[in-house]
A.B. asks: 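Let me give you the structure first, and then I'll get to my questions.
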Amino acid sequence: MPKRKSSVVWDYFEDVVVEDTRFWRCMLCKETREFGGNTSNLWSHLEHSKYSLHVESFNLIKDKRQAPRNKRPRTDGRPPRLLDADSDTEENDDLSNATDTTRNEPTLSPNEDEPIIDASSSTSTCTSITSNSSSSNIDLGNMPYSSSSVKLKAFFVALALYIARNMQPLSLTENPHFADLIRHIDPRLTLPSRGTMTHSILPQLYRDAKGKLMRALTKVKYVALTADCWTSLSNDGYMTVTVHYLSEQFKMVSRVLNTITFSERHTAKNLAKELRTIVNNWGIIDKIVAVVTDNALNIVNVVFLKFLKDCTSRKRVGNPSIVNCVIKPYFQAVNVENNWRHVNCFAHTLSLAVKDAIHKNVDFAVILERARNVVTYFHQSAIATATLNDLCKGAKSKLQQEVSTRWNSTYIMIKSLLSLKTEVDKALKAMDRLDLVLTDMEWATLAGAAIILKPFDDVTTDLSSQYYPSISKVIPSIKILLHSLTSMITTEFNPVLKTMLSALQNNLTRRFIHTTEQSTAHMVSTYLDPRFKKDELYLSSGAAEKAENRIESELRESRRRMNQRATPTTAPIVLPQQNLFSSFHNQRVATVNAQRSGESSTPTCGIIVNMRDYLSRPCLSWESDPLSFWYQQKRTGCLIPFLDVVSLFFSIPATSVPSEMLFSAAGELISDKRSRLSPHMVDILLFLNRNG
């Protein structure tokens, strides 16, 4: 027997069921629509109708509209909060549900082979609600969505993504204030439990996102990796690995692969084993063209480029005694199997060059220490900070302290001090801290240091992006920095700053000599960047020659692979469909176009034609996107053989910033209040945070 309808609005509507689907039909106008589970649409149909009969009917029964149901009385003895909507009454408003409504949420199956939401639970859920409706006074308008409801499924997905993308705690689903917010938005929504979110919804989203990424990687020919290690607040060791490649539209794509924990020592052998396991699981072990890391010895040894082959042939290592006595025995001892090209992180190497020049300059180190003391004083004194803020005319001061592990933090601190020079001096004098007031010479030295260090900050920011090609700008950036430092020597700097200039020049030359003269990845990518090509300011004659030889070698190898894939077939005898003149000319046009695009029958001729065609084109501006240039060549059919080489080298990022950026996200995730997250859940949340 159907349940008696308590709402008076049903006097004007019929309840119709067609193939297990409920509809309502207006008795006044015969309009029929699907029943949504409550009477809100029925009331709205009468109230907002264009027919006067409907409006009159609404006015007759509007006073009989059911009042909101009563709220469950408090059981903890706590008085209502002052800002609660029900602080002056025991009656709840019409947007609230019972406190324990979330207990009726559909349970998601933890089985990986089952869908996120168990559709079979909808019947039991609805039955439970119906059977208890008389005791809890649940109105049909507040009936929770079925577990098979599309809207509820979409809500679960949106909630899971909100938690992952914003690094919210998993306990958010059990937060009573958050539950109140959701009930205010839609009383029919039910929150999943923390266990459901942890064991079903998030893992399912992870599997879906991982599957999409794996399908994308199967279509890619070359990938590059970045890797770095870090330690969480709970003292667990982690390694994060990211992947980078060019899409079919020649756009840079950066994704997080895995964040794994280590229970063993962070030795090269252990790290190499784990890294190899990761790339094997993703099916990209044969596609890796390079791995970018910082200069830590253990992580460098994990991906050392063809160490045995290069050591024995002495191609990339200048000192044979070091090769035979140190490097080769070491790698044989640890039995490292990885055989990938290693690229040093440009930003990390540049930061080391700057720090070395700053901290070995004794006179500047003294001035820098005094600047740190000033910033520290304002950070530790609330009265001094308030005085400084008053002098800043209402705007809060933004003094930033130097952080030893942060790139360019020295420049950032100096710049923040210089921007408030007058206010800082006045505040220190007002606080009677004359011992901290900097002299004019010290301020002048800091101002000169800011001028010197600004290009280093600019280039670090520029090359740290993971969404446009950066490796091709490394060599030009180094050469421009050296040119800038040389031009500054003639500036009227004091001896302290000139010493810094000289040290920076020496450090850049020493630390990047391998990059500018021997690193194949950097030289070839610079050569293939239409902004630089073989400009002698950026590539020396020797570096340009090495780049050309490598490009020609890659082009020949690409042609050889194409010839191997081509299967010779005997052409059938076909009578010409065109006249002699048309057929002859069309064949000639096809031959000429093939030669111009480098697809002629003679390999050497085709390569020469391609190289000349590329070099004859004008260079582009610094702001231009080289990948847009090459994508245009792909669309027009020009310089086609180059595209494979471009995909190989331009997929390599200049820095390991993508993997190090996860440190900040992990710091938000693994906080003091969430230090008990399992390593598997850390991997899932960081993966969805960056990829989902």
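In what follows, residues are counted from 1 in the order of the sequence shown. Predicted, not measured: the structure shown is a model, and the values here were computed from it. Scope of the values below: all heavy atoms of this structure, side chains included, with no hydrogens, waters or symmetry mates.
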A.B. asks: Scan Phe250, Phe650, Phe642 and name whichever one has a ring-ring contact (aromatic ring centres under 6.0 Å, His included) with Trp630.
C.D. replies: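 Single pass found, and it is Phe642.
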
A.B. asks: What I want to find out is whether Asp208 reaches Lys212 closely enough, with some N-O distance under 4.0 Å, to be called a salt bridge.
C.D. replies: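 Salt bridge flag = no for Lys212 with Asp208.
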
A.B. asks: Step by step, work out the side chain to side chain contact (heavy atoms under 4.5 Å, CB included) result for Asn408 and Leu453.
C.D. replies: CA-CA 8 Å; Asn408 301 318; Leu453 297 178; over 6 Å; no

A.B. asks: Would you say the rings of Tyr411 and Phe456 are close, in the sense that their centroids are separated by under 6.0 Å?
C.D. replies: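 That pair fails the under 6.0 Å test.
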
A.B. asks: Treating Ser616 as the side-chain partner and Asp613 as the backbone partner, does any N or O pair qualify as donor plus acceptor under 3.5 Å?
C.D. replies: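 Such a contact is found between Ser616 side chain and Asp613 backbone.
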
A.B. asks: So, Thr461 versus Ser464: side-chain donor-acceptor pair below 3.5 Å or not?
C.D. replies: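 No - no donor-acceptor pair under 3.5 Å links their side chains.
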
A.B. asks: Distance-only, no hydrogens or angles: does the Arg531 side chain make a donor-acceptor pair with backbone N or O of Trp622 under 3.5 Å?
C.D. replies: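 Such a contact is found between Arg531 side chain and Trp622 backbone.
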
A.B. asks: Around atom NE2 of His359, are there more than 12 heavy atoms from other residues, nucleotides or ligands closer than 6.0 Å?
C.D. replies: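 Yes - once you tally the heavy atoms of other residues, nucleotides and ligands closer than 6.0 Å, there are more than 12.
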
A.B. asks: Just checking, is any N or O donor in the side chain of Thr293 or Ser656 under 3.5 Å from an acceptor N or O on the other one?
C.D. replies: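 Judged by distance alone, the side chains do not pair up.
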
A.B. asks: Given 3.5 Å as the limit, does a donor-acceptor pair link the side chain of Asn281 with the main chain of Thr277, or not?
C.D. replies: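 Judged by distance alone, yes, a pair lies under 3.5 Å.
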
A.B. asks: Does one side chain, of Thr515 or Asn344, offer a donor that lies under 3.5 Å from an acceptor on the other?
C.D. replies: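 Short answer, no.
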
A.B. asks: Verify the ring-centre separation between Tyr222 and Phe649: is it less than 6.0 angstrom?
C.D. replies: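 Between Phe649 and Tyr222, the centre distance exceeds or equals 6.0 Å.
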
A.B. asks: In sequence, state the C-alpha distance, the side-chain angles, and the governing distance for Leu686 and Val256, and then conclude on side chain to side chain contact (heavy atoms under 4.5 Å, CB included).
C.D. replies: CA-CA 8 Å; Leu686 291 178; Val256 173; 5.5 Å; no

A.B. asks: Between Asn691 and Tyr206, do the side chains contain an N or O donor and an N or O acceptor separated by less than 3.5 Å?
C.D. replies: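 Looking only at side-chain atoms, Tyr206 and Asn691 do not form any donor-acceptor pair under 3.5 Å.
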
A.B. asks: Can you confirm whether Lys533 is buried at NZ, in the sense that more than 12 heavy atoms of other residues, nucleotides or ligands lie under 6.0 Å from that atom?
C.D. replies: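 Atom NZ in Lys533 is packed in, count exceeds 12.
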
A.B. asks: For the CD atom on Gln632, are there more than 12 heavy atoms of other groups (residues, nucleotides or ligands in this structure) within a distance under 6.0 Å?
C.D. replies: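 Above 12, so yes.
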
A.B. asks: Quick check against the 3.5 Å criterion: does Thr499 have a side-chain atom that pairs as donor or acceptor with the backbone of Pro495?
C.D. replies: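 A pair under 3.5 Å: yes.
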
A.B. asks: Please check if the number of heavy atoms outside Lys287 that lie under 6.0 Å from its NZ is greater than 12.
C.D. replies: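 Atom NZ in Lys287 is crowded, with more than 12 foreign heavy atoms closer than 6.0 Å.
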
